[in-house]
There are 2 protein chains.
Amino acid sequence: METLRERKKQRTRDALLRSALELFVTRGYEHTTVDEIAESVDVSQRTFFRYFASKEDVAFFVPRLTEAHYIEAVRRRPPEETPLEALRRSVMDSWDTIEEAIERYVPVELFLRTYKMIEATPVLFAAHLRRQAETEEEIARIVAEREGVDPDTDPRPRLVVAVFGAVIRVTERNWSVGEDFSVTAIRELTASYLDQVGPALTGNWRAG
Amino acid sequence: METLRERKKQRTRDALLRSALELFVTRGYEHTTVDEIAESVDVSQRTFFRYFASKEDVAFFVPRLTEAHYIEAVRRRPPEETPLEALRRSVMDSWDTIEEAIERYVPVELFLRTYKMIEATPVLFAAHLRRQAETEEEIARIVAEREGVDPDTDPRPRLVVAVFGAVIRVTERNWSVGEDFSVTAIRELTASYLDQVGPALTGNWRAG
DNA sequence: GAGGCTAGTGACAGCCACTGACAGTTGACA
DNA sequence: TGTCAACTGTCAGTGGCTGTCACTAGCCTC
């Protein structure tokens with residue numbers, strides 16, 4: 001952020017990002033053209049593609065931050081915790097500290113609306129799932145290292161991470177269709193679902 | 001398949017499907033244009049899009065069959081089984097009986113290669129995950145009905161189905177990067193991973 | 001079996017995401 | 001202040017995809 005040039009670049013990118021997300025959430029992702037985004041910031045379409053690899057890429061700018069944030073949290077967990085403990089505390093910690101990281105680029109509220117839009121837009125939802133799969137791949141490697149096993153011969157790291165990720169996905173899904181659209185809400189929902197998954201798997205639902 | 005007209009249509013669609021998959025697996029999905037597919041069957045590009053909604057759509061023609069097959073298998077499970085039992089037996093049954101359904105359209109061997117290509121092509125892999133998410137949504141509704149609960153208030157159906165799906169995905173992943181590329185192999189891998197997931201979640205990995 | 005009807009098709013024009021090439025402009029820095 | 005490099009705009013082109021329209025070939029009736 002030193003030179004004028006760098007500041008200008010930063011401003012252009014921020015403007016493109018904000019404007020794009022605003023357009024996406026108001027008129028919808030598919031109904032927003034890259035030309036419109038560029039025009040709204042008064043740069044050429046070509047310039048847009050110099051800042052973002054694709055139209056999709058803008059939509060995932062903030063999710064990229066949260067993913068990195070989460071991965072870092074997992075890395076920092078003490079090695080004596082079990083894999084599940086470590087994963088659980090990582091997500092919870094992430095939700096506690098993510099807001100300021102987001103706010104540096106866009107208002108948290110805009111991010112939350114973007115998130116809902118991603119869940120509701122098929123092509124973005126697909127990309128979202130693929131990103132999560134990639135994140136899980138990395139987490140699995142971290143877990144494998146923690147536990148001192150080889151992820152290519154021992155399926156357990158990937159299994160644990162995938163199962164955990166599945167609970168997270170159900171959480172996000174139900175949060176995105178729910179009423180309370182806040183960070184607090186998803187935090188609590190996450191804890192609740194993580195508590196329920198054990199009994200749901202083994203218990204007899206028809207007993208009570 | 002009555003009239004000449006209908007037989008002609010069927011033949012055109014089959015030819016497009018076969019030719020497209022063949023091109024995809026040999027020269028890659030991204031390096032195959034719709035024009036080339038159309039040309040290889042000697043129809044116009046416009047006609048291709050009358051048979052398939054998109055380029056992506058052709059790639060998922062056979063996966064669509066297997067998904068439907070699996071959903072049907074779940075529907076047919078006796079109600080006294082627990083959700084996990086029912087899901088497990090459904091996948092295993094599906095793998096036993098899917099081959100003839102596939103063979104009606106394309107050689108099973110071509111399908112297996114297509115599957116590997118899907119896993120290896122980012123945009124197709126993303127679409128694949130989204131399709132699985134949709135399938136899981138439907139399965140969750142079936143499970144909810146079996147157990148007599150409301151999936152919109154009780155998170156357990158979606159949780160169980162998501163967790164089960166996660167194991168399936170790890171299975172597919174490891175199968176697709178492995179050596180033995182047969183239906184038997186994925187069948188056995190599925191059983192093995194389903195057995196390992198419980199201990200992996202609760203056990204102490206560093207004990208043994 | 002000659003006629004009209006219509007499903008299926010090709011040809012064409014156009015939108016949008018994205019890319020490469022080239023030229024112009026504007027900050028950085030000596 | 002002049003030179004260089006970074007940044008940008010313009011333009012032309014590709015590929016996926018859609019709407020339109022006219023034409024052909026199978027179908028169906030009388």
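Labels below follow one simple rule: chain letters A, B, ... track the order of the sequence lines, proteins then strands, and each chain is numbered from 1. No experiment lies behind these values; they were computed from the predicted model shown.
Between the CD atom of A/Glu6 and the C1' atom of D/dA6 there is a distance of 11 Å, rounded to whole Å. One can place NZ of B/Lys55 at 12 Å from C1' of D/dT14, the figure rounded to the nearest angstrom.
Position along DNA chain C of the nearest nucleotide to B/Arg5 versus A/Arg5 favours B/Arg5 as the more 5'-ward residue.
For A/Arg77, the salt bridge (charged side-chain N to carboxylate O under 4.0 Å, His left out) partners are A/Glu81, A/Asp93, not counting sequence neighbours. With sequence neighbours left out, the side-chain contact (heavy atoms from CB on, under 4.5 Å) criterion links B/Thr184 to B/Ser182, B/Glu188. Taking the salt bridge (charged side-chain N to carboxylate O under 4.0 Å, His left out) definition, one finds that A/Asp35 meets it with nothing, sequence neighbours left out. Residues forming a side-chain contact (heavy atoms from CB on, under 4.5 Å) with A/Ser40 (at least two apart in sequence, or on another chain): A/Ser19, A/Leu23.
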Side-chain polar contacts of residues 118-128 of chain B - donor-acceptor pairs under 3.5 angstrom, sequence neighbours left out - could you list them?
| unit_1 | atom_1 | unit_2 | atom_2 | d |
| --- | --- | --- | --- | --- |
| B/Thr121 | OG1 | B/Met117 | O | 2.7 |
| B/His128 | NE2 | B/Gln132 | OE1 | 2.7 |
| B/His128 | NE2 | B/Glu172 | OE1 | 3.4 |

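Under the side-chain contact (heavy atoms from CB on, under 4.5 Å) rule, A/Val106 has a single partner from A/Thr114, A/Leu65, A/Asp14, A/Val62, which is A/Val62.
Of all the residues in residues 22-54 of chain B, B/Thr32, B/Thr33, B/Val34, B/Gln45, B/Arg46, B/Phe49, B/Arg50, B/Ala53, B/Ser54 reach under 4.0 Å from DNA chain D with at least one non-hydrogen atom.
Applying the ring pair (Phe, Tyr, Trp, His ring centres under 6.0 Å) test to residues at least two apart or on different chains, the pairs with a partner in residues 151-179 of chain A are A/Tyr115-A/Trp175, A/Trp175-A/Phe181. Residue pairs meeting the ring pair (Phe, Tyr, Trp, His ring centres under 6.0 Å) criterion with at least one partner in residues 88-110 of chain B, sequence neighbours excluded, are B/Phe61-B/Tyr105.
When DNA chain C is scanned in the 5' to 3' direction for atoms under 4.0 Å from non-hydrogen atoms of chain B, the outermost contacting nucleotides are C/dT6 to C/dA11.
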